[in-house]
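Report on the following structure.
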Amino acid sequence: MAAPMSIAVVGMGRMGAAMATRLSERGQDVVALYNRTRSKAEAVAERMDSTVVDSAREAAARADVVLVSLGDDDAVTQTYDGPDGLVAGLSEGTVVVETSTVDPQTVLALRPRVESTGASMLDAPVSGSVALVEKGELTFMVGGDAQALETVRPVLDTVAKRILHVGASGAGSAMKLAVNAVVMGLNQVLSEALVLAESAGVQRSDAYEVFAASAIASPFVHYKRPAFERPEDTPVAFSLDLVLKDLTLITGLAERLGVSMDQTATNRIVAQAAVDAGLGERDMSAIAGYLAGGRRP
C-alpha cells in the first residue's frame, strides 16, 4: 500500500479552511497551512494536528500535494511568485491542485513555472458550498495531466462526490466560469422573481415555498433558501465582491472567444451597481434586497 501523501493547504478562506478541516478529520496528512493573514491559518490549525508556516514556499516544500484556494487572480499570481512563493518550494513529483476560480490564462501562465521544478499543476476548481465540503460532496472540474490527477485522486476523494477530468490545462478553470455563469444567472432571475411576487402582494416565504416545490426547484434554489428568506441571519456564502469578480472573468473570456453572453453581461451590470451601492461584502442573495429597494443600474 502506498504511503499517505503529505498535504499543504494554501489559502484559509471559507473553502480552503473547510477543505483543510475535512481532510484532517478524515485522516489525511495535512502537514502545513499557509495564509497571508497568519491568524486565519492559526484558527484552522487549532482544530487539527498541522503546522502554520510563514510562506507559500515553506508550505510547498513540506508536501507531496499542495492544495491552493485563493480569492482572485492577483492573489494566486502573487502567492506563486517570488523567493518565498509557492514555486520556489516545489520539488519533483509534487502536484499543485489549484482550486481557485481564476482566468484560464492565469493557469496557462503559471503552469510552465510549476513544471520547471519537476512538479505538476492541475486547475481543479470546485462546485459546491462549505456545507458540501463538510459532507465530502464537492464536484471537481479538472484540467491538466490525467496521470497527475490519478496521483492526487485519493486526496480529492476525501472532499469530493465527483471528480470530472474536462480536458487539458485551463479547461477546469474555463468550466468553472461556465458553471458560475449559470449560478449567477439563477441568482439574478430568482431575485427578480421574488421581488415581482412580493410587489404583487405575495409574502416572500410563500413565494419561495412555491419556487421550491415547482419545476424550477434546482439545488441552488434549495440551498440558498435561508439566504433569501432570512438574509440578516444567514452567513455570507458567496459575496457580491466575488460575484462581480467572476462575472468580469466570464465576460472577459467570452469576449476573447467571440461568444455572445448577453444575460451574463446584464448580470454583471447589476452586480457592479450593487457593489457600488456598498453591498460588496453581502451574500449574492442581497441582489434581491437591492432590487426590492427600487434601485436599478
Side-chain angles (χ1 to χ4, degrees), residues 11-18 35-37 40 69-79 99-106 125-130 173-174 176-196 198-199 204 208 218 220-221 223-256 259-297:
M12 292 291 109
R14 284 184 287 269
M15 293 297 286
N35 194 73
R36 287 183 295 180
T37 303
K40 288 186 177 182
S69 178
L70 297 169
D72 57 35
D73 294 69
D74 287 343
V76 168
T77 299
Q78 291 169 14
T79 298
T99 71
S100 312
T101 301
V102 295
D103 194 309
Q105 289 186 327
T106 298
V126 301
S127 178
S129 60
V130 168
S173 292
K176 175 59 184 293
L177 295 181
V179 168
N180 276 10
V182 177
V183 169
M184 293 161 192
L186 289 171
N187 186 72
Q188 179 70 30
V189 74
L190 182 56
S191 297
E192 293 176 0
L194 281 171
V195 172
L196 177 67
E198 285 185 299
S199 298
R204 178 172 292 204
Y208 215 103
S218 66
F220 179 85
V221 171
Y223 81 72
K224 293 302 290 185
R225 185 169 187 166
F228 277 104
E229 290 192 335
R230 301 183 302 279
E232 301 304 325
D233 301 326
T234 305
V236 174
F238 194 173
S239 73
L240 280 171
D241 281 334
L242 290 179
V243 166
L244 179 59
K245 182 268 292 186
D246 286 1
L247 286 168
T248 301
L249 290 177
I250 295 163
T251 53
L253 178 61
E255 183 176 351
R256 292 199 305 270
V259 175
S260 176
M261 298 188 74
D262 296 341
Q263 181 62 62
T264 299
T266 297
N267 295 345
R268 180 187 172 193
I269 291 170
V270 177
Q272 180 70 68
V275 169
D276 290 345
L279 301 178
E281 295 183 358
R282 298 280 301 276
D283 187 74
M284 64 192 303
S285 58
I287 288 290
Y290 174 78
L291 296 175
R295 290 175 286 187
R296 295 293 186 273

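Bear in mind the structure is a predicted one, so any value in this text is a computation, not a measurement. The figures that follow rest on heavy atoms only: side chains count, while hydrogens, waters and symmetry mates do not.
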- prompt: Of all heavy-atom pairs between Ser129 and Met15, which one has the smallest distance, and what is that distance?
  reply: C-SD, 4.0 Å
message: Is it the case that the side chain of Ser100 and the backbone of Leu70 share a donor-acceptor pair, with hydrogens and angles ignored and the cut-off at 3.5 Å?
response: yes
field: Polar side chain donor-acceptor pair, Asp74 to Gln78, under 3.5 angstrom
entry: no
Interatomic distance, Ile250 atom CD1 to Asp103 atom CG [nearest 0.5 angstrom]: 11.0 Å
- request: I would like to know whether Val183 and Met284 meet side-chain contact (heavy atoms from CB on, under 4.5 Å); could you show each step before the answer?
  value: CA-CA 10 Å; Val183 169; Met284 64 192 303; 4.0 Å; yes
message: Looking at every non-hydrogen atom in both residues, tell me the closest pair between Gly185 and Asn267 and how far apart they are.
response: CA-ND2, 3.4 Å
query: Which atom pair, heavy atoms only, marks the closest approach of Tyr290 to Ala273?
result: OH-CB, 3.2 Å
query: How far does OH of Tyr208 sit from CG of Leu190, to the nearest 0.5 angstrom?
result: 4.5 Å
task: I would like to know whether Leu240 and Asp283 meet side-chain contact (heavy atoms from CB on, under 4.5 Å); could you show each step before the answer?
output: CA-CA 6 Å; Leu240 280 171; Asp283 187 74; over 6 Å; no
- request: Indicate yes or no: does Lys176 engage Asp246 in a salt bridge with an N to O separation below 4.0 Å.
  value: no
message: Looking at Glu232 and Arg282, is there a salt bridge between them, counting it only when a charged N and a carboxylate O are closer than 4.0 Å?
response: yes
query: With a 4.5 Å heavy-atom cut-off, do Met261 and Val259 have their side chains touching?
result: yes
- prompt: Does Arg14 reach the side chain of Val236, with side-chain heavy atoms less than 4.5 Å apart?
  reply: yes
Separation between OG1 of Thr234 and CD of Glu229, rounded to the nearest 0.5 Å: 9.0 Å
field: Test side-chain contact (heavy atoms from CB on, under 4.5 Å) applied to Thr264 and Met184, step by step
entry: CA-CA 8 Å; Thr264 299; Met184 293 161 192; over 6 Å; no
- request: State whether the number of non-hydrogen atoms from other residues, nucleotides or ligands found under 6.0 Å of Glu255 atom CD is greater than 12.
  value: no
- request: For Asn35 and Met12, work out which heavy atoms get closest and say how close.
  value: OD1-N, 2.8 Å
Distance-minimising heavy-atom pair for Leu279 and Ala286: CD1-O, 4.3 Å
statement: Between the CD atom in Glu192 and the CD1 atom in Ile287, the distance rounded to the nearest 0.5 Å is 9.5 Å
field: Name of the residue among Asp73, Asp72, Thr106 meeting side-chain contact (heavy atoms from CB on, under 4.5 Å) with Leu249
entry: Asp73
message: Return the CZ to CG distance between Arg204 and Leu194, rounded to the nearest 0.5 Å.
response: 5.0 Å
task: Answer whether the closest heavy-atom distance between the side chains of Phe238 and Asn187 falls below 4.5 Å.
output: no
message: Is there a side-chain contact (heavy atoms from CB on, under 4.5 Å) between Ser173 and Thr101? Walk through the geometry before answering.
response: CA-CA 6 Å; Ser173 292; Thr101 301; over 6 Å; no
message: Looking only at the side chains, is there a donor atom on one of Ser239 and Asp241 sitting less than 3.5 Å from an acceptor on the other?
response: no
- prompt: For Ser191 and Leu291, which heavy atoms make the closest approach, and how far apart are they?
  reply: CB-CD1, 4.2 Å
